[in-house]
S.K.: 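Could you have a look at this structure, given as structure tokens, before my questions?
Side chains are part of it too, since the values below use all heavy atoms of this structure and drop only hydrogens, waters and symmetry mates.
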Amino acid sequence: RGGSMRQKYVKVHWETEELDRYYRKNHYPEKVWKDNEGMPFGIYLIDEDDFGSIDYVEWFRTEEERDKEFNELIKEEA
């Protein structure tokens, strides 16, 4: 991979990303658009030079689970 790719893990939330609106607009069932079937806390791996490109997404039921995984991912990178 080219050295220009600067990737970074970020914490996201279903509603902050406006995914609830997106999925509701596209007629997904309520349990999906409301909170991603109960898993609204996410981690994205993004390219710092191109926020449109998301290379990895994982969703979690609780903030604690998400933060634990987030910290693991960051440690691996260091």
Side-chain angles (χ1 to χ4, degrees):
R1 286 227 256 203
S4 68
M5 296 271 289
R6 290 181 313 164
Q7 291 183 313
K8 175 176 138 191
Y9 287 105
V10 291
K11 297 179 186 180
V12 293
H13 188 274
W14 189 252
E15 282 173 20
T16 316
E17 294 300 304
E18 297 190 353
L19 291 165
D20 54 337
R21 291 187 201 174
Y22 172 81
Y23 282 97
R24 185 161 66 184
K25 210 168 63 195
N26 288 285
H27 311 297
Y28 280 76
E30 182 174 354
K31 64 177 185 181
V32 173
W33 64 252
K34 203 171 90 199
D35 62 357
N36 192 24
E37 302 197 39
M39 300 182 78
F41 299 98
I43 298 172
Y44 283 0
L45 177 60
I46 57 163
D47 181 347
E48 288 190 345
D49 303 314
D50 172 16
F51 284 103
S53 97
I54 299 167
D55 296 326
Y56 166 87
V57 183
E58 198 174 343
W59 295 101
F60 301 86
R61 208 161 290 287
T62 66
E63 208 166 348
E64 290 80 12
E65 289 177 81
R66 191 268 314 272
D67 291 351
K68 192 166 166 267
E69 176 65 17
F70 184 81
N71 293 333
E72 291 298 312
L73 290 165
I74 295 221
K75 262 198 306 227
E76 287 169 21
E77 274 201 312

S.K.: Under the rule for ring-ring contact (aromatic ring centres under 6.0 Å, His included), what residues qualify as partners of Tyr22, not counting sequence neighbours?
M.R.: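 By the ring-ring contact (aromatic ring centres under 6.0 Å, His included) rule, Tyr22 matches no residue at all.
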
S.K.: With sequence neighbours excluded, give me every salt bridge (Lys or Arg N to Asp or Glu O under 4.0 Å) pair touching residues 13-23.
M.R.: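 Listed by first then second residue: Glu18-Arg21.
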
S.K.: Please list, chain by chain and in numerical order, all residues satisfying side chain to side chain donor-acceptor pair (under 3.5 Å) with Lys11, sequence neighbours excluded.
M.R.: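 Partners of Lys11 by the side chain to side chain donor-acceptor pair (under 3.5 Å) criterion, ordered by chain and then number, come out as Asp67.
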
S.K.: What residues, two or more places apart in sequence or in another chain, satisfy side chain to side chain donor-acceptor pair (under 3.5 Å) together with Thr62?
M.R.: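 With sequence neighbours excluded, Thr62 shows a side chain to side chain donor-acceptor pair (under 3.5 Å) to Glu65, given in chain and number order.
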
S.K.: Side chain to side chain donor-acceptor pair (under 3.5 Å) with Glu69: which residues, sequence neighbours excluded?
M.R.: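 Listed in chain order: nothing, the list is empty.
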
S.K.: Considering residues at least two apart in sequence or located in another chain, which fulfil the salt bridge (Lys or Arg N to Asp or Glu O under 4.0 Å) criterion with Glu64?
M.R.: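 Scan of Glu64 (salt bridge (Lys or Arg N to Asp or Glu O under 4.0 Å), adjacent residues dropped) gives none.
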
S.K.: Which residues pass the ring-ring contact (aromatic ring centres under 6.0 Å, His included) test with Trp33, not counting sequence neighbours?
M.R.: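 For Trp33, no residue satisfies ring-ring contact (aromatic ring centres under 6.0 Å, His included) once neighbours in sequence are set aside.
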
S.K.: Could I get the full list of ring-ring contact (aromatic ring centres under 6.0 Å, His included) partners for Tyr9, not counting sequence neighbours?
M.R.: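 Scan of Tyr9 (ring-ring contact (aromatic ring centres under 6.0 Å, His included), adjacent residues dropped) gives none.
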
S.K.: Just to verify, what does Val10 make a side-chain contact (heavy atoms from CB on, under 4.5 Å) with, not counting sequence neighbours?
M.R.: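 side-chain contact (heavy atoms from CB on, under 4.5 Å) check on Val10 returns Lys8, Val12, Tyr44, Ile46.
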
S.K.: Taking all non-hydrogen atoms of both residues, which atom of Gly42 and which atom of Arg66 are closest, and how far apart?
M.R.: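 Heavy atoms only, the tightest pair is O-NH1, 3.3 Å.
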
S.K.: What pairs meet the salt bridge (Lys or Arg N to Asp or Glu O under 4.0 Å) rule with one or both residues in residues 25-43, with sequence neighbours excluded?
M.R.: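 Found none.
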
S.K.: Using every non-hydrogen atom in the two residues, find where Met39 and Trp59 come nearest and quote the distance to one decimal.
M.R.: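 Between these two residues, the closest heavy atoms are CE-O, 3.1 Å.
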
S.K.: Who passes side chain to side chain donor-acceptor pair (under 3.5 Å) against Glu58, sequence neighbours left out?
M.R.: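 Tyr56.
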
S.K.: Quick one: do Leu73 and Ile43 satisfy side-chain contact (heavy atoms from CB on, under 4.5 Å)? Show the steps, please.
M.R.: CA-CA 10 Å; Leu73 290 165; Ile43 298 172; 3.9 Å; yes

